[in-house]
Engineer: 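Before I ask anything, here is the structure I am working with.
Position 1 is the first residue of the sequence; numbering continues from there. Note that ligands are numbered from 1 as they come in the structure, with each ligand's atoms numbered from 1 the same way. Being a predicted model, the structure only gives us computed values, none of them experimental.
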Amino acid sequence: MFWRRTRPESGSAGGQPETAVAPAAADPVPADVPAAADGAAPGSGAGPAQIADGVQASRRGFMARLHSILRGGPVDDEAWEAVEETLIAGDVGARLAMEVVARARDRRDPGGPEAAVRAELARLLPASTAGPWRPARPDRTLPAVVLVVGVNGTGKTTSIAKIAARLAGEGDRVLLAAADTFRAAAIEQLEAWASRLALPIVAHRAGADPSAVVFDALDAAVARDADVVIVDTAGRLHTRHNLMEELAKIRRTIDKRLPGVTPEVLFVLDATTGQNGLAQAKAFHEAIGLTGIVLTKLDSTAKGGIVFAIEQALGVPVVFAGVGERVADLVDFDTDAFVEALFA
Ligand code: GDP
């Protein structure tokens, strides 16, 4: 069902042809994206139960220690110090851990010290949202655009596949754009996902201008009346400056091709990278402005306290959590359900 279009290289002399890959115009994006390639139905099973599974490692990790300190009898100065250390070990961050403990102590919560800590942690998160995340689309005649940014290895491509499968499963016509042209493998990986999920993709050869890919993808999206374009972006260039410049250029391309469409900018944060990942998120936020966080590998960390640190540091909501490698392992992030699951 795919056709290949070979086009002359734009702008530079004598280069190899660029290639755009997309399904024929008549091919609809199937609403029932294959029970996905790995046998899991996208969009199914998401919810509190999946969050509970996803935070199991954290519950057995730093939270188990927290319970044992707070439930073990009177909480004296030494025990409060241990609470602080445990929160730091759980990636909450040193300053925040100190504040949480100070406020929890001051509360004199009738529910006891554990209820106090829980309430103070919960306060750090934004209120639960009304429903699952959807890309903003003020003008229904134009597609929504989602830029997915972050460092290589964090789970960016897998998250794109998960989000694409989710939206397609909900009936959206989704188109992928392989704008991480820095690595040939990134293009191939996204093409493989597009093929598994039966989604159209626009890709050029490695080394091509990412903005040109985005421009073509937006053209294709308008031509085929797509609802959402999800753009993969480079996770590493020679310098951070180059990377941020490239992202800024992609944004200008969107402005130019689809004036009035403000892209969602989702940052993929690997929960296992702790405070390091947080520093990366801050850099991206300062450079291009993030609208949401996709927290990957929540299932693989015993330090889920990173969620509190992110919310405090950035004020950008965690919209999804990745809780495994399968397409269905994507959870709508609900703050109440998360706190509930941690303390369960
Ligand atoms: P990218 O380089 O950022 O595009 O990263 P990939 O999408 O290729 O993912 C890197 C590795 O992390 C792969 O082995 C994925 O299967 C794995 N991965 C991605 N998301 C998750 C997740 O939520 N949980 C777990 N356990 N593994 C994940």
Side-chain angles (χ1 to χ4, degrees), residues 36-40 42-47 49-61 91 133 146-166 176-197 199 201 203 206 210 213 230-237 240 243 246-247 265-274 276-278 280-281 283-284 290 292-304 306-307 310 318-334 338 341:
D38 48 14
S44 69
Q50 240 188 336
I51 287 206
D53 283 351
V55 300
Q56 251 184 48
S58 291
R59 217 164 45 219
R60 295 196 188 118
D91 267 347
W133 176 88
V146 183
L147 292 184
V148 183
V149 303
V151 173
N152 291 339
T154 53
K156 192 152 48 77
T157 316
T158 311
S159 296
I160 290 171
K162 290 173 175 178
I163 296 168
R166 166 74 69 87
L176 303 180
D180 178 359
T181 59
F182 194 62
R183 293 178 307 148
I187 300 173
E188 285 159 20
Q189 202 187 343
L190 199 67
E191 283 180 331
W193 273 115
S195 153
R196 287 171 78 182
L197 298 169
L199 294 176
I201 179 168
V213 177
I230 304 181
V231 182
D232 185 20
T233 61
R236 190 172 69 86
L237 287 183
R240 176 179 281 177
L243 177 55
E246 181 176 300
L247 291 172
V265 185
L266 298 185
F267 180 81
V268 177
L269 178 64
D270 179 339
T272 66
T273 60
N276 240 348
L278 187 57
Q280 292 161 2
F284 275 83
L290 307 176
I293 308 277
V294 180
L295 186 68
T296 57
K297 311 185 195 177
L298 187 59
D299 55 305
S300 304
T301 180
K303 302 176 169 191
I306 188 71
V307 171
I310 300 164
V318 175
V319 294
F320 288 118
V323 293
E325 298 187 85
R326 300 168 318 146
V327 145
D329 295 332
L330 182 75
V331 184
D332 293 308
F333 193 82
D334 177 88
F338 174 71

Engineer: Could you see which bit of K162 sits under 4.0 Å from ligand 1, with heavy atoms only: side chain, backbone, both or neither?
Structural biologist: side chain

Engineer: Just wondering, do V327 and W193 contact through their side chains at under 4.5 Å, heavy atoms?
Structural biologist: yes

Engineer: So which of L295, I310, V149 actually passes side-chain contact (heavy atoms from CB on, under 4.5 Å) with F267?
Structural biologist: V149

Engineer: Which protein non-hydrogen atom lies closest to atom 21 (C) of ligand 1, naming both residue and atom, and how far is it?
Structural biologist: G324 O, 3.5 Å

Engineer: Do you know which of T154, T272, D270 makes side-chain hydrogen bond (donor to acceptor under 3.5 Å, both in side chains) with K297?
Structural biologist: D270

Engineer: Check this for me - ligand 1, R183, N or O atoms closer than 3.5 angstrom, yes or no?
Structural biologist: no

Engineer: Is it the side chain (CB and beyond), the backbone, both or neither of D299 that lies under 4.0 Å from ligand 1, heavy atoms counted?
Structural biologist: side chain

Engineer: Taking C-beta and beyond as the side chain, do K156 and V294 meet within less than 4.5 Å on heavy atoms?
Structural biologist: no

Engineer: Counting non-hydrogen protein atoms only, what is the nearest one to atom 8 (O) of ligand 1? Give residue, atom name and distance.
Structural biologist: Q189 NE2, 2.9 Å

Engineer: How far is atom 7 (O) of ligand 1 from its nearest protein heavy atom, and which residue and atom is that?
Structural biologist: T158 OG1, 2.5 Å

Engineer: CG of L269 to OG1 of T296: how many Å apart, nearest 0.5 Å?
Structural biologist: 6.5 Å

Engineer: Rounded to the nearest 0.5 Å, what separation is found between the CG atom of D232 and the CD1 atom of I187?
Structural biologist: 9.5 Å

Engineer: If you count the atoms of ligand 1 from 1 in the order shown, which ones are under 4.0 Å from a heavy atom of G153?
Structural biologist: 1 (P), 2 (O), 3 (O), 5 (O), 10 (C)

Engineer: May I ask you to list the atoms of ligand 1 that are less than 4.0 angstrom from any heavy atom of G322?
Structural biologist: 23 (O)

Engineer: Looking at CG of D53 and CG of L298, how far apart are the two atoms once the value is rounded to the nearest 0.5 Å?
Structural biologist: 11.0 Å

Engineer: Could you check atom 18 (N) of ligand 1 against the protein and tell me its nearest heavy-atom contact, residue, atom and distance included?
Structural biologist: K297 CE, 3.9 Å

Engineer: Any atoms of ligand 1 less than 4.0 Å from a non-hydrogen atom of V323? List them with their elements.
Structural biologist: 23 (O)

Engineer: Counting from 1, what ligand 1 atoms have a heavy atom of T157 closer than 4.0 Å?
Structural biologist: 1 (P), 4 (O), 7 (O)

Engineer: Which of the atoms of ligand 1 are close to S300, meaning less than 4.0 Å from one of its heavy atoms?
Structural biologist: 26 (N)

Engineer: Check each atom of ligand 1 against the heavy atoms of K156 and keep those under 4.0 Å away; list them by number with element.
Structural biologist: 1 (P), 3 (O), 4 (O), 5 (O), 7 (O)

Engineer: Without swapping roles, check the side chain of E325 against the backbone of T158 for a donor-acceptor pair under 3.5 Å.
Structural biologist: no

Engineer: Tell me, which protein residue and heavy-atom name are nearest atom 16 (O) of ligand 1, and how many Å apart are they?
Structural biologist: E325 OE1, 2.5 Å

Engineer: Would you please test I163 and W133 for side-chain contact (heavy atoms from CB on, under 4.5 Å) and show each step?
Structural biologist: CA-CA 10 Å; I163 296 168; W133 176 88; 4.2 Å; yes

Engineer: Is there a side-chain contact between R166 and F320 in this structure, where contact means two heavy atoms from C-beta onward sitting under 4.5 Å apart?
Structural biologist: yes

Engineer: Would you mind checking which non-hydrogen protein atom is closest to atom 5 (O) of ligand 1, with the distance to 0.1 Å?
Structural biologist: G155 N, 3.1 Å

